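Fair warning: this is a prediction, and the values are worked out from it, not measured in the lab. Here is how names work: the chains are called A, B, and so on, in the same order as the sequence lines, proteins then strands, and each is numbered from 1.
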Protein chains: 2
Amino acid sequence: MILYQELAEISGVAHGRRGETTLALDVLRRLRHDILICALRPRQRLRFQELKDRYRVNVGPLREALVQLASEGLVEIEPRRGCRVAAISLADLIDTTNTRVLIEKEALRQSIGEGGIEWEAQLVAAFHRLAATELNATDSGLPPEWAVAHRDFHDALTAACGSPLLREIRARLFDRANRYRMLSTLSPTHLREKSSEHRNLTESALSRNTGQALALIERHLRDTGRLAVEALRDLDPAAAPAASTQAIPSLNQHGGQS
Amino acid sequence: MILYQELAEISGVAHGRRGETTLALDVLRRLRHDILICALRPRQRLRFQELKDRYRVNVGPLREALVQLASEGLVEIEPRRGCRVAAISLADLIDTTNTRVLIEKEALRQSIGEGGIEWEAQLVAAFHRLAATELNATDSGLPPEWAVAHRDFHDALTAACGSPLLREIRARLFDRANRYRMLSTLSPTHLREKSSEHRNLTESALSRNTGQALALIERHLRDTGRLAVEALRDLDPAAAPAASTQAIPSLNQHGGQS
DNA sequence: ACAATTGCTTTTTTCGAAACTTTCCGCGAT
DNA sequence: ATCGCGGAAAGTTTCGAAAAAAGCAATTGT
């Protein structure tokens with residue numbers, strides 16, 4: 001029988017923490033990961049039988065994980081007729097980008113306002129780690145640890161925001177955007193751009209230049225969005241028409257003013 | 001055996017919809033309701049055995065519902081050591097209020113910008129229903145249908161917002177605030193205030209006076225928050241000190257500037 | 001021809017018990 | 001008295017199978 005404490009090792013998530021995990025949480029992480037890297041593709045049906053075989057768990061933990069993922073917008077559940085990986089669409093990409101701009105700017109504003117020495121230190125450290133992973137980039141793309149470092153960097157940027165709610169919403173939107181980000185393989189040129197954006201962001205945050213930092217984060221997010229839009233157009237032209245059924249504010253300005 | 005289609009009748013949620021429900025979704029609604037009306041009190045432990053008896057379901061559906069509620073912030077799950085109703089605190093109330101101001105204002109701005117005749121019509125209707133339930137108010141408080149009408153009204157206000165994401169976040173925060181709202185029993189004076197605030201909100205939205213509408217919604221939210229703060233202080237003075245461990249921006253201004 | 005019905009298969013949902021972990025309590029040693 | 005150490009009790013988590021529903025295809029009646 002599997003002892004719970006072995007879980008961490010089996011699933012490769014092994015590190016110091018005591019066994020504060022469950023099968024359900026473990027399969028949640030693995031499912032989320034597989035969805036984010038598109039091992040499970042958008043719109044793909046998720047049948048319990050297949051998932052049971054793939055992850056070696058029973059339906060109980062699976063259902064828990066799927067419910068959680070549905071609340072994160074990564075899975076769609078239709079009662080009594082199964083689950084699928086959430087669809088991606090141009091409309092959703094634009095929506096996600098605009099919403100991120102709103103949330104990230106406010107979180108960053110607060111973080112810069114409230115952050116102290118320790119925040120600065122963690123931010124510098126996170127930026128350093130991020131930059132380090134970028135050195136390992138190959139022609140085929142960024143190394144797997146980049147995603148983690150990138151996430152940690154943006155976390156660190158807003159870590160001093162005094163509102164736990166805002167931070168959580170921000171983190172969720174980041175994950176959501178990650179799915180789209182994965183679609184676009186960065187060219188070396190783009191990578192250098194991103195890299196310097198992160199540097200500028202760090203510097204203006206550290207120097208408490210709020211106005212500049214907010215402008216930078218907005219451009220950063222919208223650039224990421226634009227890149228993903230292009231990738232989406234190339235990859236799946238069918239997704240574009242689906243978006244045309246509703247008003248799409250431009251990616252280049254604040255969303256939604258009449 | 002219980003046929004699924006009977007569920008709607010048993011749980012009193014009976015209406016036209018076909019049987020698009022499951023035991024898990026049903027118990028989710030009931031749990032949420034009980035938490036919102038404080039039948040299950042903040043910090044109260046939720047043991048599976050008790051919940052099984054109370055709602056007449058097995059652990060499977062229960063766990064699903066609890067995971068979902070945790071993602072809504074109404075329940076806290078500590079892996080391997082059980083669940084409890086999420087705590088309420090002054091800090092969380094303030095956080096929720098500030099975040100709501102940010103989100104509701106943006107959603108309302110977009111809604112006013114994008115809304116058409118049909119949006120106007122639904123808004124007028126929702127306001128009318130809300131006003132009607134307020135006539136049934138007694139000294140002991142508002143009738144149960146007020147909560148529904150109130151929720152529907154604020155939904156209608158932002159229904160034309162083109163961002164599904166923003167609307168969803170808004171709805172979640174509304175629920176979250178509802179817990180605190182329930183704490184404060186409205187005096188007739190306050191009720192009249194609220195009532196006229198809703199009227200003014202409707203009118204400025206209909207006349208597309210965006211600036212005024214945004215100012216009104218912000219005041220509306222902050223007033224609600226202030227009322228709840230007072231109720232919280234009276235009810236549970238212990239909650240206040242807990243908040244003092246972190247910086248608390250004033251309820252009267254935008255949160256978080258240094 | 002074609003819509004509705006019936007029976008069969010696939011899939012989801014729920015249950016009840018077993019497996020496992022945490023908590024609590026009594027007891028002896030320091 | 002306090003601390004540490006079993007060991008039972010309480011609670012959570014997971015499993016495997018049964019139950020219920022949805023999907024499908026052939027069949028029947030019009």
Next item on the list: Round to a whole Å and report the spacing from CG of A/L28 to P of D/dT13.
Entry: 14 Å
Next item on the list: Could you tell me the separation between the CG atom of B/L62 and the C1' atom of C/dC15, rounded to a whole number of Å?
Entry: 12 Å
Checklist line | With B/Y180, the side-chain hydrogen bond (donor to acceptor under 3.5 Å, both in side chains) member among B/T97, B/D92, B/T96 | finding: B/D92
Notebook entry, point to check: Over how many whole Å does the gap from B/L66 atom CG to D/dG11 atom P extend?
Noted result: 16 Å
Next item on the list: With the side chain of A/L23 defined as its heavy atoms from C-beta on, choose the nearest nucleotide among D/dA22, D/dC15, C/dC15.
Entry: D/dC15
Checklist line | Nucleotide of D/dT14, C/dT23, C/dT13 approaching B/T22 most closely (side-chain heavy atoms) | finding: C/dT13
Check: Rounding to a whole Å, what distance do you find between B/E20:CD and D/dA21:C1'?
Finding: 13 Å
Next item on the list: Decide, yes or no, whether a salt bridge links A/R30 with A/D26 under the criterion of side-chain N to carboxylate O below 4.0 Å.
Entry: yes
Check: Does anything in residues 42-53 of chain B reach DNA chain D, meaning a heavy atom under 4.0 Å, and if so which residues?
Finding: B/R45, B/L46, B/R47, B/F48
Check: Can you check the A/E78 CD to C/dT11 C1' distance for me, whole Å?
Finding: 14 Å
Item checked: Earlier contact from the 5' end, DNA chain D, for A/P79 and A/G60 -> A/G60
Margin query: I need the CG-P distance between A/L25 and D/dT13, as an integer number of Å.
Written below: 9 Å
Margin query: Whole angstroms only, please: what is the CZ-P distance between A/R80 and D/dG23?
Written below: 11 Å
Item checked: Rounded distance (Å) that lies between atom C1' of C/dT21 and atom CD1 of B/I77 -> 17 Å
Notebook entry, point to check: Under 4.0 angstrom, heavy atoms only, what part of the nucleic acid is A/G82 near: base, sugar-phosphate, or nothing?
Noted result: sugar-phosphate
Check: Do the rings of B/H154 and B/H150 sit parallel, tilted or perpendicular, given the 30° and 60° boundaries?
Finding: perpendicular
Note to self: Does C/dT14 have OP1 or OP2 under 4.0 Å away from a side-chain N or O of B/N58?
What the structure shows: no
Next item on the list: For B/D152 and B/A126, work out which heavy atoms get closest and say how close.
Entry: O-CB, 4.2 Å
Margin query: Tell me whether the side-chain N/O atoms of B/R63 come closer than 4.0 Å to OP1 or OP2 in D/dT13.
Written below: yes
Checklist line | Distance in Å, A/R172 CZ paired with A/E72 CD, rounded so as to fall on 0.5 Å steps | finding: 5.0 Å
Notebook entry, point to check: Quick one: do B/E230 and B/R233 make a salt bridge, cutoff under 4.0 Å?
Noted result: no
Notebook entry, point to check: Under a 4.0 Å N-O cut-off, is there an ion pair linking A/R167 with A/D155?
Noted result: no
